[in-house]
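Quick note on labels: first sequence line is chain A, next is B, and so on, each numbered from 1.
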2 protein chains.
Amino acid sequence: MTNEDEKARVANIFDVARLAGVSHQTVSRVLNDLPNVRPATRERVEKAIKQLRYTPSQAARALVTRRSRTIGLITTGNPDFGPSSTALHFNDAARDARYAVSMASMLDSDAASLRAAVELLLRQNVEAIVLIAAHAGALDAILSIELGVPLIAVDAGGRPGVHSVALDQYAGARAAVDHLIGLGHTQIRHISGPLDSTDATERVRGWRDSLAAAGLVAREHLVGDWTPASGYRHGQVLADDHDMTAVFVGNDQMSLGLIHALTSAGRRVPGDVSVIGFDDIPEAEHFAPPLTTMRQDFDGLGRDIMTELLAVLRDEEAADLPRISPTLVVRESAGPPPVARAGATRLSGTVDV
Amino acid sequence: MTNEDEKARVANIFDVARLAGVSHQTVSRVLNDLPNVRPATRERVEKAIKQLRYTPSQAARALVTRRSRTIGLITTGNPDFGPSSTALHFNDAARDARYAVSMASMLDSDAASLRAAVELLLRQNVEAIVLIAAHAGALDAILSIELGVPLIAVDAGGRPGVHSVALDQYAGARAAVDHLIGLGHTQIRHISGPLDSTDATERVRGWRDSLAAAGLVAREHLVGDWTPASGYRHGQVLADDHDMTAVFVGNDQMSLGLIHALTSAGRRVPGDVSVIGFDDIPEAEHFAPPLTTMRQDFDGLGRDIMTELLAVLRDEEAADLPRISPTLVVRESAGPPPVARAGATRLSGTVDV
DNA sequence: GCACCGTGCTCACAAAACAGT
DNA sequence: GACTGTTTTGTGAGCACGGTG
């Protein structure tokens, strides 16, 4: 037990400098990995740092550099698998880049809560704000606030002043619907996410285009809100539609609700109707039946957010990352349609099963 | 467009003071809600603040007060509904208390990643660290690091140096098992979470005690890892156990896997075996069959964490909050046992169905 | 390497201002 | 009108660091 540290004071840069026999400036150089420090002195300083268990004060550094090395992360909506995973992996990527992440999660995305969250983040001098929102309403609300820092949003994009990062929802939707078409389906309905989500509208667009490309007709789609409950509600309606033989659903949770409603109404999945979901949540494999779905690479998305962010901070605008395409995971909820029934309409082409 | 703000410099406390015709100290008093400021001057200052869109610099404040008003939040494991919800509601509560939350989420909880995360948080001068971990291994790893700040863990508790907050897992487990017993089951198995999770062991204890209280015998329980896949694996084994008529499962995800395995093996739920889960995730209502489960109040837990945290920071140790009990949600996965079969053992008592 | 300044703020203290003897 | 007490306001130092000459 030494008795110099009675005061238990935390070491500062001058203590380190004294112990290493250099000026505080040299310590600063070492801390910031600047050149023009002799290896020998660098070593002495590092040893002193270790010995004193010195950690530079982020507050002081932020004060003088006006750079906090922290990013604000706003998430809205339920803690679903997709957003949560994205946030987790983004956080990982940020940590790798030695950035801290200050979080502001909220269930609702009303303008007032959002404003409060933004102000709290801004007060911490975050260098940028990342938004992972279930509804685009949150984006609009944030855009109405003067941020003063760059905004990166997980969003299909196209808004002025927003740097968007996203997975290729359109390609994913096309792959999903093409899979159903390949199985021989011609009457493919769609339950989408809320239309103020660009993820949702991109999937709607993909569904439409795939149908059109196959010469099939797109009936109006049903709009859900990502929850199993909304899938269930729409399922109760769809169960009565005996023309339709397949449903492309905007996410796995709604698929679960849909399957529940369908089987409750006596329609078998995939015997009577095929269902294909989106996301590949961990539960999907154990649905009854195991869900065929599109797997999303949330890990990659999280990293892409950070990549874009770093580019923006370095002022290398428009990194324009290639968007990662979801991949098809074939399980048991989608199969060939039941034998053609009277009333089933086909616009063109023949499909062999 | 005024032309005084050409430099677009952010206003500081002196700018506000000048505009309001007072000293910077008076502004500080207003900012911190200190007494002894005449209402009239307070008003003048507030007006100036609004006019200049002034926000105090957290960095400068932290530098001098040595209080960052930020909390470090470490989460490990998959972004499951429970932990994610808890984190979200904690974040909400922290924001209400005007605390920022710096997050460090990671999939794995190896000592190295954990140490890196802790160091990043400490460098930001977090005033406390909150841990929401799927495995107690993370807690052990963190305890081996000298933090220098209080640690609050979501954990059943009992560790020295850790402030624990938790829901009443024991009571929840007892209620679940008592429900099964009340339905007439006598052979009730248990699939638990990983044993280095106190949530898991508390539920095991509740299961044991409820069986003992009813004079029933507890067969060895099966240890899962919270994932649907582990529920499925154990389910494949349990499907061959024709004595057992009910399973109490450590969470809803494993219940899903279990039901999948059971029904795949031709055993009907709840006709042949009843299943009761834990958590009440949003999907549970739409499982096939809809899952009877214990609902956990993650919102309350998140608030409790913050309450405990504030008490600890005020040095009012040992707040010892009453633990919220989960509530039973009866759906369709648990019913009375099938009529007694030869080979079914009963230790005591008779049960009428 | 050294001395010194700037960062935006809080704290301890000093100086007013005002009230009641 | 000088003396004390209380409230309100102002002044200067210092927090730990990065930059400049």
Side-chain angles (χ1 to χ4, degrees), chain A residues 7-45 48-49 52-70 98 100 119 122-127 148, chain B residues 7-46 48-49 52-70 98 100 122-127 148:
Chain A
K7 206 57 196 302
R9 199 175 57 77
V10 176
N12 68 17
I13 199 170
F14 291 96
D15 301 325
V16 175
R18 197 176 320 117
L19 182 60
V22 298
S23 75
H24 77 280
Q25 182 57 271
T26 302
V27 178
S28 172
R29 287 196 188 93
V30 172
L31 288 174
N32 297 294
D33 270 326
L34 296 178
N36 302 332
V37 180
R38 257 197 314 203
T41 48
R42 182 180 295 271
E43 209 168 298
R44 275 216 317 285
V45 171
I49 289 176
L52 294 175
R53 298 257 211 69
Y54 165 72
T55 45
S57 151
Q58 192 53 46
R61 187 178 273 177
L63 182 58
V64 58
T65 60
R66 295 155 168 289
R67 305 200 49 211
S68 58
R69 280 201 90 79
T70 108
R98 321 218 63 205
E119 274 167 11
L122 253 27
R123 208 188 307 278
Q124 299 181 262
N125 297 307
V126 295
E127 295 181 27
Chain B
K7 206 56 195 304
R9 198 176 56 78
V10 176
N12 66 18
I13 199 171
F14 291 94
D15 299 325
V16 175
R18 196 176 321 119
L19 182 59
V22 297
S23 75
H24 69 279
Q25 175 63 339
T26 302
V27 178
S28 173
R29 288 194 184 96
V30 171
L31 289 174
N32 297 295
D33 270 325
L34 296 178
N36 302 333
V37 178
R38 255 197 316 213
T41 58
R42 185 180 294 272
E43 208 168 299
R44 276 216 316 285
V45 171
E46 275 163 355
I49 289 175
L52 294 175
R53 298 258 212 71
Y54 165 73
T55 47
S57 151
Q58 192 52 46
R61 190 176 272 179
L63 182 58
V64 52
T65 59
R66 293 151 172 288
R67 306 201 48 211
S68 59
R69 279 200 92 78
T70 108
R98 321 217 66 204
L122 254 26
R123 207 187 307 279
Q124 297 181 261
N125 297 308
V126 294
E127 294 181 28

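- Take B/T26 and apply the side-chain hydrogen bond (donor to acceptor under 3.5 Å, both in side chains) test, not counting sequence neighbours, and it matches B/S23.
- B/N32 meets the side-chain hydrogen bond (donor to acceptor under 3.5 Å, both in side chains) test with B/S28; sequence neighbours excluded.
- Residue whose closest nucleotide on DNA chain D sits further toward the 5' end, between B/V22 and B/L63: B/V22.
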Using a cutoff of under 3.5 Å, can you pull out all pairs of nitrogen or oxygen atoms linking the protein to nucleotides 5-8 of chain D, with atom names and distances?
unit_1: D/dT8; atom_1: OP2; unit_2: B/N36; atom_2: OD1; d: 3.0

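- Each of B/R69, B/R67, B/R66 was checked for a salt bridge (charged side-chain N to carboxylate O under 4.0 Å, His left out) with B/E127, and the lone residue meeting it is B/R67.
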Under 3.5 Å between N/O atoms: give me all the protein pairs with nucleotides 9-16 of chain C, atom names plus distance.
unit_1: C/dC9; atom_1: OP1; unit_2: B/Y54; atom_2: OH; d: 2.3
unit_1: C/dC9; atom_1: OP1; unit_2: B/S57; atom_2: N; d: 2.9
unit_1: C/dC9; atom_1: OP2; unit_2: B/I13; atom_2: N; d: 2.5
unit_1: C/dC9; atom_1: OP2; unit_2: B/Y54; atom_2: OH; d: 3.3
unit_1: C/dT10; atom_1: OP1; unit_2: B/N32; atom_2: ND2; d: 3.1
unit_1: C/dT10; atom_1: OP1; unit_2: B/R61; atom_2: NE; d: 2.8
unit_1: C/dT10; atom_1: OP1; unit_2: B/R61; atom_2: NH2; d: 3.1
unit_1: C/dT10; atom_1: OP2; unit_2: B/S28; atom_2: OG; d: 2.8
unit_1: C/dT10; atom_1: O4; unit_2: B/H24; atom_2: NE2; d: 3.3
unit_1: C/dC11; atom_1: N4; unit_2: B/Q25; atom_2: OE1; d: 3.2
unit_1: C/dA12; atom_1: N6; unit_2: B/Q25; atom_2: NE2; d: 3.1

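- Each side chain to side chain donor-acceptor pair (under 3.5 Å) pair with one or both residues in residues 36-46 of chain B, not counting sequence neighbours, would appear here, but there are none.
- Residues that satisfy the side-chain hydrogen bond (donor to acceptor under 3.5 Å, both in side chains) test with A/T65, not counting sequence neighbours, are absent from this structure.
- Considering only residues two or more places apart in sequence or on other chains, B/S57 meets the side chain to side chain contact (heavy atoms under 4.5 Å, CB included) condition with A/L63, A/N125, B/A59, B/A60.
- Rounded to an integer number of Å, the gap from CZ of B/R18 to P of D/dG10 is 14 Å.
- Judged as a salt bridge (Lys or Arg N to Asp or Glu O under 4.0 Å), and not counting sequence neighbours, A/R98 has no contacts.
- With sequence neighbours excluded, the residues that form a side chain to side chain contact (heavy atoms under 4.5 Å, CB included) with B/L19 are B/A48, B/Q51, B/L52.
- Scored by the side-chain hydrogen bond (donor to acceptor under 3.5 Å, both in side chains) test, A/Q58 finds no partners at all (sequence neighbours excluded).
- Residue pairs meeting the ring-ring contact (aromatic ring centres under 6.0 Å, His included) criterion with at least one partner in residues 16-45 of chain A, sequence neighbours excluded, are A/F14-A/H24.
- Comparing the start and finish of the helix from C/dC2-D/dG21 to C/dT21-D/dA2, five pairs each, the helix axis swings through 50°, to the nearest 10 degrees.
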